[in-house]
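Below: one structure, written as structure tokens.
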Amino acid sequence: MDDIKKGMLAISKAGHDFKKVYMIVDFDDEYVYLCDGVLRKADRPKKKKYKHIQIVKNVPTEWLRYFEGNAKPTDTEIKKAVKAFSDRFV
């Protein structure tokens, strides 16, 4: 997936976590690795196939800055970003 960047948000479209918002912390050819900062922390991301998520393309740039260089966001920063989006849109 060419248009996916670390730090973008994704909404689950399938599974027991249907409609849950996550932050993308990594991805490869087949899977994305998602965290929410609460149950799925940065050290133990959830692995999900691309077809089971919907990418949120309108993400504020301050969330994407967490992944500039090799810096990783903390669980608190992930939780804030997910909560801010969920409160506004979901």
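All residue numbers refer to positions in the sequence shown, counting from 1.
Listed by chain and residue number, nothing satisfies the salt bridge (Lys or Arg N to Asp or Glu O under 4.0 Å) test with Lys51 (two or more places apart in sequence, or in another chain). With sequence neighbours left out, the salt bridge (Lys or Arg N to Asp or Glu O under 4.0 Å) criterion links Lys83 to Asp87. Residues passing the side-chain hydrogen bond (donor to acceptor under 3.5 Å, both in side chains) test with Asp17, sequence neighbours excluded: Ser12, Tyr22, Lys48. With sequence neighbours left out, the side-chain hydrogen bond (donor to acceptor under 3.5 Å, both in side chains) criterion links Lys46 to no other residue. Remark: Lys79 pairs with no residue by the salt bridge (Lys or Arg N to Asp or Glu O under 4.0 Å) rule, at least two apart or across chains. Not counting sequence neighbours, Lys47 has no partner by the side-chain hydrogen bond (donor to acceptor under 3.5 Å, both in side chains) test. Partners of Lys13 by salt bridge (Lys or Arg N to Asp or Glu O under 4.0 Å), not counting sequence neighbours: none found.
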Exercise for the section: Check step by step if side chain to side chain contact (heavy atoms under 4.5 Å, CB included) holds for Asp26 and Lys6. Expected result: CA-CA 6 Å; Asp26 203 4; Lys6 292 180 184 179; 3.4 Å; yes
Problem - Full working for side chain to side chain contact (heavy atoms under 4.5 Å, CB included) between Tyr50 and Asp29 - result: CA-CA 9 Å; Tyr50 286 104; Asp29 291 336; over 6 Å; no
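With values rounded to the nearest 0.5 angstrom, Lys5 atom NZ is found 11.5 Å from Ile24 atom CD1. Distance NZ/Lys19 to CD1/Ile11: 9.0 Å, rounded to 0.5 Å. The distance from the CZ atom of Arg40 to the CG atom of Asp75 is 12.5 Å, given to the nearest 0.5 Å. Here Ile53 contributes atom CD1 and Ile55 contributes atom CD1; the two are 3.5 Å apart, rounded to the nearest 0.5 Å.
Nearest approach of Pro73 to Met23, heavy atoms of both residues: CG-SD, 4.4 Å. Nearest heavy atoms, Ala42 versus Cys35: CA-SG, 3.6 Å.
In the hydrophobic clustering, Val38 connects to Leu39, either directly or through intervening members, whenever side-chain heavy atoms lie under 4.5 Å apart.
Counting heavy atoms from C-beta on, the side chains of Ile78 and Thr76 never come closer than 4.5 Å. Side-chain contact check for Glu30 versus Lys49: some heavy-atom pair is nearer than 4.5 Å. Counting heavy atoms from C-beta on, the side chains of Val21 and Asp36 never come closer than 4.5 Å. In this structure, the side chains of Val82 and Leu9 come closer than 4.5 Å at one or more pairs of heavy atoms.
Between the side chains of Tyr33 and Asp28, at least one donor-acceptor pair of N or O atoms lies under 3.5 Å.
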